[in-house]
Amino acid sequence: MEITVEDAGKGNNIQDFADSRYPEMAGKAIAARINDKLVDLTAALEEGRLELLTWEDERAREVYRHTASHIMAQAVMELFPGAKLGFGPAIADGFYYDFDLASSLSPEDLEAVEERMREITKRDLPIVREIWGRDDAIRFFKESGQDYKVELLADIEDAEVSIYRQGEFVDLCRGPHLTSTGRLRYFKLLNLAGAYWRGDEKRPMLQRIYGTAFYDQGELDAHIYMLSEAERRDHRRIGRELDLFSFHEEAGPGVVFYHPKGAVQREIIEGFLKEEHRKRGYDMVVTPHLFKGQLWHESGHLDYYAENMYTFEKDGVEYVVKPMNCPGHILIYRSQPRSYRDLPLKFFELGTVYRYERSGVLHGLLRVRGFTQDDAHVFCTEEQLEEQIRECLEFAFFSLRTFGFEDFEVFLSTRPEGSVGSEEQWDKATDALAKALEHLGINYQVDPGEGVFYGPKIDIKLRDAIGRLWQGPTVQADFNLPERFGITYTGADNQPHRPAMIHRVVLAGIERFYGILIEHYAGEFPMWLAPVQIILIPVADRHLPYARELEELFRAEGLRVEVDDDSQTVNMKIRKAQMQKVPLSVVVGDREVEAGTVSARDRSGHDIRGMDREQFLTAALRSVREKTLSIDWEA
RNA sequence: GCCGGUGUAGCUCAAUGGUAGAGCAAUCGCCUUGUAAGCGGUUGGUUGGAGGUUCGAUUCCUCUCACCGGCUCCA
């Protein structure tokens with residue numbers, strides 16, 4: 001709600017003003033913006049533009065959750081006197097606070113903290129903003145043993161700082177906050193974790209408590225439901241339950257074993273990629289897994305990523321297990337003279353690479369040490385660069401949509417510290433990426449300094465079925481590696497020229513994408529991706545020949561079909577098929593055998609009995625061919 | 001790598017210093033089944049690994065490996 005304040009008067013605060021003039025807003029406003037400045041509701045009224053921010057406003061949520069973090073800090077201070085406070089911000093969907101405690105917290109402590117927080121909200125302590133001299137603040141926090149706050153204060157240059165006080169609890173904070181602890185309504189502490197002070201692994205490890213807070217019970221419940229959904233969709237669990245893949249302690253962490261059903265799905269994904277690359281004029285290449293170290297010195301990767309590369313020595317020569325495909329593709333480019341007429345030259349490889357990832361970061365399929373990228377390198381002239389980037393982007397969006405993703409966020413990452421190449425090269429590359437995005441009308445955000453050492457990049461993040469964002473495709477523009485490797489093409493002027501290079505992946509790491517896909521669909525894959533598409537269920541043994549006949553018929557059409565010939569009840573077989581998330585269960589008994597029909601049931605439990613088998617086959621095949629989410633029996 | 005947690009049958013979980021157990025799964029048999037669990041029998045373990053304390057260790061201690069939640073990192 002936006003108001004123009006004409007006569008602020010003296011000594012009025014925003015809350016009082018709002019309460020008297022807009023009683024319908026009573027209790028709803030969380031924070032305010034006055035003349036574009038985010039402030040507490042207790043701030044003094046000023047003339048000009050006043051906005052009352054309610055829960056619907058992102059900024060109000062932040063204030064609300066930030067206050068939740070303060071209340072949590074107060075609870076921790078009360079329960080664990082002597083605790084030192086680190087950072088305590090609001091984050092997406094919640095908040096956290098970092099503590100330095102003598103002993104480590106347990107889940108039971110978490111409950112106690114939450115309980116104490118509820119008590120603090122009941123006390124309904126007013127939250128008061130105070131302005132202190134910086135030196136006074138330093139003295140105060142030093143005396144109370146808050147070393148981290150003292151360190152923060154030392155970095156602040158202003159002569160005055162703001163302090164928030166609620167009861168006995170005092171914290172250095174920019175604010176703003178709720179007006180009192182009683183205004184925090186629904187919250188829940190979620191988990192405990194370690195976190196480095198200021199995110200620096202050389203600094204002390206603090207204990208972080210994560211929580212979430214909402215304005216009404218329904219939203220909190222919905223959020224908690226979302227968290228449980230995330231657990232239900234966990235690809236590690238589904239991978240085991242559906243027998244898709246496994247990891248083995250004996251083989252080492254971070255390397256994936258695809259079981260038959262997982263391998264089928266991987267083959268589908270790779271088949272899609274090969275076909276789509278071919279359509280778009282890419283040439284498929286295959287490069288080895290082992291190169292001499294020399295090549296990685298030349299590329300610069302050893303300078304930047306030596307820690308993450310698997311290297312070894314044989315016959316006095318250093319070797320590297322490839323962590324990337326680009327040098328290999330460059331060698332192919334360099335294997336013969338290239339003409340401007342050859343460009344753009346597009347090499348595509350399902351390239352399996354190995355990168356040493358620190359043990360603590362491994363996570364199912366989402367973060368592994370060995371993975372396969374749908375990697376391509378486009379060699380082109382500088383003039384072709386932008387158009388080629390555009391094509392890469394369109395290809396990426398097309399592919400993601402095909403797999404069922406609709407919602408994306410796009411980031412342009414610019415030159416990082418310590419990168420290679422000239423300013424001019426970086427400007428040209430960044431410019432080409434930005435122009436490509438603009439020509440396609442894609443909204444994007446700039447991520448300053450987040451580019452790769454040899455060039456800037458575009459990252460596409462995808463949103464899954466329950467709203468989570470995942471890192472997906474990336475497109476990088478590069479003038480540096482061509483220079484390092486000294487690759488050229490002969491121009492129309494008969495002179496050598498330096499090509500530009502695009503590094504890009506579409507689904508990126510296949511393992512990772514597969515993991516995302518499993519979570520997106522919660523294992524309930526559409527027909528074209530399902531490892532087993534149809535399960536045939538004979539009612540009794542005498543129906544087995546008919547089931548076999550159908551199996552052969554469907555399999556001949558390319559469908560992945562199985563017959564459940566267990567000596568079990570139909571109920572049990574249906575249950576098994578449901579739990580395996582097979583898209584179609586086909587029950588055949590006397591009626592079907594006699595009429596030559598089928599009775600099909602989908603995962604949602606809907607079934608159609610006595611369907612013509614041709615009609616069934618046509619609809620099933622159409623769903624596969626058109627990659628539809630559900631099956632249309634009528635069309 | 002760091003902080004915290006966990007590790008018992010294929011899976012989910014019991015057993016607080018005294019003979020390792022249940023359900024499901026698997027397997028065998030009976031049943032011949034009509035849209036989410038038919039009935040009965042059987043099998044299944046170096047309690048992640050190594051060392052230690054103890055008369056005795058799943059249980060206590062040390063080391064180690066893997067996994068989980070984060071942090072840091074991610075070409």
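Residue numbers start from 1 in every chain, and the chains themselves are labelled A, B, ... in the order their sequence lines are given, proteins ahead of strands.
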#### Entry: rG41(B) and rU6(B), which share atom name P, separated by this distance in whole Å
37 Å
### Message
Can you tell whether the side chains of Lys84(A) and Asp98(A) come within less than 4.0 Å, N to carboxylate O?
### Response
no
### Query
With rounding to whole Å, what would you report as the distance between rG70(B) and rC55(B) at their C1' atoms?
44 Å
### Query
Rounded to the nearest 0.5 Å, how far does NZ of Lys346(A) lie from CD1 of Ile502(A)?
9.0 Å
### Message
Using atom C1' in both nucleotides, what's the gap between rA26(B) and rU43(B) to the nearest angstrom?
### Response
8 Å
### Query
Would Asp602(A) and Ser604(A) satisfy side-chain hydrogen bond (donor to acceptor under 3.5 Å, both in side chains), going step by step from the backbone distance to the final call?
CA-CA 6 Å; Asp602(A) 67 21; Ser604(A) 67; 2.7 Å; yes
### Message
Are His377(A) and Phe348(A), when compared by the centres of their aromatic rings, separated by less than 6.0 Å?
### Response
no
### Message
Work out how far the C1' atom of rG10(B) is from that of rG48(B), and round it to whole angstrom.
### Response
16 Å
### Task
Pick base, sugar-phosphate or nothing for Ser359(A), based on heavy-atom distances below 4.0 Å to the nucleic acid.
base
### OH-CG distance between Tyr258(A) and Leu365(A), expressed to the nearest 0.5 angstrom
6.0 Å
### Query
Which part of the nucleic acid does Ser599(A) contact within heavy-atom distance under 4.0 Å: base, sugar-phosphate only, or nothing?
base
### Task
Give a yes or no on whether a salt bridge exists between Arg463(A) and Glu409(A), defined as a side-chain N under 4.0 angstrom from a carboxylate O.
yes
### Query
For Asn191(A), which contact category applies under a 4.0 Å heavy-atom criterion: base, sugar-phosphate, or nothing?
sugar-phosphate
## Note on the structure
Sorted by position of nearest nucleotide on RNA chain B, 5' first, the leading residue of Arg575(A) and Gln373(A) is Arg575(A)
### Message
Counting Watson-Crick and G-U wobble pairs with both distances under 3.5 Å, what is the dot-bracket string for RNA chain B, 5' to 3', using [ ] for crossing pairs and | for pairs to another strand?
### Response
(((((((..((((....[..)))).(((((.......))))).....(((((..]....))))))))))))....
### Task
Determine the contact category for Tyr210(A): base if any of its heavy atoms lies under 4.0 Å from a base atom, sugar-phosphate if only primed atoms, P, OP1 or OP2 are that close, otherwise nothing.
sugar-phosphate
### Message
What contact category does Met572(A) fall into here, base, sugar-phosphate, or nothing, at under 4.0 angstrom with non-hydrogen atoms?
### Response
sugar-phosphate
### Summary
Outer limits of RNA chain B sitting under 4.0 Å from a non-hydrogen atom of chain A, read 5' to 3', are rG1(B) to rA75(B)
### Message
At 4.0 Å (heavy atoms only), tell me whether Arg542(A) reaches a base, stays on the sugar-phosphate, or touches nothing.
### Response
sugar-phosphate
### Query
What residues form a salt bridge (Lys or Arg N to Asp or Glu O under 4.0 Å) with Asp459(A), not counting sequence neighbours?
Lys457(A)
### Query
Across the strands shown, which category fits Phe453(A) at heavy-atom distances under 4.0 angstrom: base, sugar-phosphate, nothing?
nothing
### Task
Taking only Lys NZ, Arg NE, NH1 and NH2, and the carboxylate oxygens of Asp or Glu, determine whether Arg236(A) and Asp234(A) approach each other closer than 4.0 Å.
yes
### Message
With nearest nucleotide decided by heavy atoms, which residue, Leu192(A) or His503(A), maps closer to the 5′ end of RNA chain B?
### Response
Leu192(A)
### Task
Could you tell me whether Asn571(A) contacts a base, only the sugar-phosphate backbone, or nothing, with contacts defined as non-hydrogen atoms closer than 4.0 Å?
sugar-phosphate
### Whole-angstrom distance between rU64(B) and rC24(B), as gauged at atom P
41 Å
### Query
At under 4.0 Å between heavy atoms, what does Gln568(A) touch on the DNA or RNA strands: base, sugar-phosphate, or nothing?
base
### Task
Mind checking Tyr196(A) for me? I need base, sugar-phosphate or nothing, with any heavy atom below 4.0 Å counting as a touch.
base
### Query
Roughly how far apart are Leu584(A) CG and Gln533(A) CD, rounded to 0.5 Å?
8.5 Å
### Query
Counting only heavy atoms not in Phe408(A), do more than 12 fall under 6.0 Å of its CZ?
yes
### Task
Using a 4.0 Å heavy-atom cut-off across all strands, classify Pro253(A) as base, sugar-phosphate, or nothing.
sugar-phosphate
### Query
If the C1' atom of rA22(B) is compared with that of rC61(B), how far apart are they to the nearest Å?
31 Å
### Query
Centres of the Tyr454(A) and Phe479(A) rings: under 6.0 Å?
no
### Message
Under 4.0 Å, heavy atoms only, any strand: does Glu250(A) hit a base, just the sugar-phosphate, or nothing?
### Response
nothing
### Message
For a quick check of understanding: with a heavy-atom distance under 4.0 Å over all strands, which category does Val587(A) fall into, base, sugar-phosphate or nothing?
### Response
base
### Pairwise C1' distance for rC65(B) and rG29(B), with rounding to whole Å
43 Å
### Task
Determine the Euclidean distance between corresponding C1' atoms of rU62(B) and rG69(B); express it in Å to zero decimal places.
25 Å
### Task
Describe the nucleic acid contact of Val361(A) in one word from base, sugar-phosphate, nothing, applying a heavy-atom distance below 4.0 Å.
base
